[in-house]
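This report concerns only the one structure given below.
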Amino acid sequence: GAVVSQHPSRVICKSGTSVKIECRSLDFQATTMFWYRQFPKQSLMLMATSNEGSKATYEQGVEKDKFLINHASLTLSTLTVTSAHPEDSSFYICSAKREDSNQPQHFGDGTRLSIL
Amino acid sequence: GESVGLHLPTLSVQEGDNSIINCAYSNSASDYFIWYKQESGKGPQFIIDIRSNMDKRQGQRVTVLLNKTVKHLSLQIAATQPGDSAVYFCAETGFQKLVFGTGTRLLVSP
């Protein structure tokens with residue numbers, strides 16, 4: 001079954017709204033989570049690495065004030081898209097690193113964000 | 001046959017055929033490689049992995065081949081089924097971050 005849960009799966013909102021996406025690790029603790037962005041027919045691009053109890057590490061070109069990441073507990077990381085605009089519309093996917101797994105990361109099922 | 005779309009190459013096969021999906025990776029320092037399957041509207045799903053000290057690894061109906069000399073990775077799917085239709089990504093990593101390839105869409109017709 002799923003080991004990483006992402007919520008909501010889809011959100012549609014007006015331009016200027018801030019949107020929060022949650023990523024939860026189920027039945028395991030994740031000190032490290034990752035946030036990706038995926039445009040249609042394209043690959044996943046890493047946006048940032050979320051570290052529990054410390055600041056996220058953002059990839060080059062990703063605005064940290066635009067995409068706020070909070071990893072306040074060992075099972076939850078949130079991504080807030082602040083003052084979202086149509087160009088922020090995308091598929092956002094999180095993943096979590098599980099120490100006792102042979103897989104490097106376990107992925108959530110993504111959040112489809114549409115800004116009108 | 002194989003064709004290149006606007007962004008995503010597509011491989012079309014008949015059910016029961018063997019499929020081969022290719023990937024060129026960029027970082028010669030990468031030592032771990034993974035193939036993922038992504039269905040529409042979902043996150044990537046782990047298929048198989050291989051470390052750089054190997055050149056072949058087999059799973060159930062899938063085989064991954066690694067050629068470090070030319071930085072090339074391939075995924076072979078035996079007896080392809082309609083349920084295999086999806087986008088397949090290779091990913092490489094040397095430490096913690098995964099770097100995904102461009103992806104290939106596999107279309108399986110009955």
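Residue numbering restarts at 1 for every chain, and letters A, B, ... go by the order of the sequence lines. This one's a predicted model, so the numbers in the text were calculated from it and none came from an experiment.
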Self-check item: Whether F33(B) and Y25(B) hold their rings parallel, tilted or perpendicular, with breakpoints at 30° and 60°
Solution: tilted
Sort [X] into side chain, backbone, both or neither according to what part of it lies under 4.5 angstrom from a heavy atom of chain B.
X      : result
I93(A) : side chain
T32(A) : side chain
Q38(A) : side chain
F39(A) : neither

Self-check item: D27(A) and R98(A): CA distance, side-chain angles, deciding distance, salt bridge (charged side-chain N to carboxylate O under 4.0 Å, His left out) verdict
Solution: CA-CA 10 Å; D27(A) 78 16; R98(A) 182 172 183 167; 3.6 Å; yes
Quiz prompt | Identified side chain to side chain contact (heavy atoms under 4.5 Å, CB included) partner of T78(A) from the options E22(A), M33(A), H71(A) | solution = E22(A)
Self-check item: Spatial distance of atom CG (L66(B)) from atom CZ (R57(B)) [nearest 0.5 Å]
Solution: 12.5 Å
Quiz item: chain A heavy atoms under 4.5 Å from L98(B): which part of the residue, side chain, backbone, both or neither?
Solution: both
Quiz item: By a 4.5 Å heavy-atom criterion (distance strictly below it), what part of E39(B) contacts chain A: side chain, backbone, both, or neither?
Solution: neither
Quiz item: Is R37(A) positioned over the aromatic face of Y92(A), cation under 6.0 angstrom from the ring centre and no more than 45 degrees off axis?
Solution: no
Quiz item: Among Q105(A), R112(A), M45(A), who wins on heavy-atom pairs under 4.5 Å with chain B?
Solution: Q105(A)
Quiz prompt | Partner of R61(B) under side chain to side chain donor-acceptor pair (under 3.5 Å), chosen from T80(B), N18(B), D84(B) | solution = D84(B)
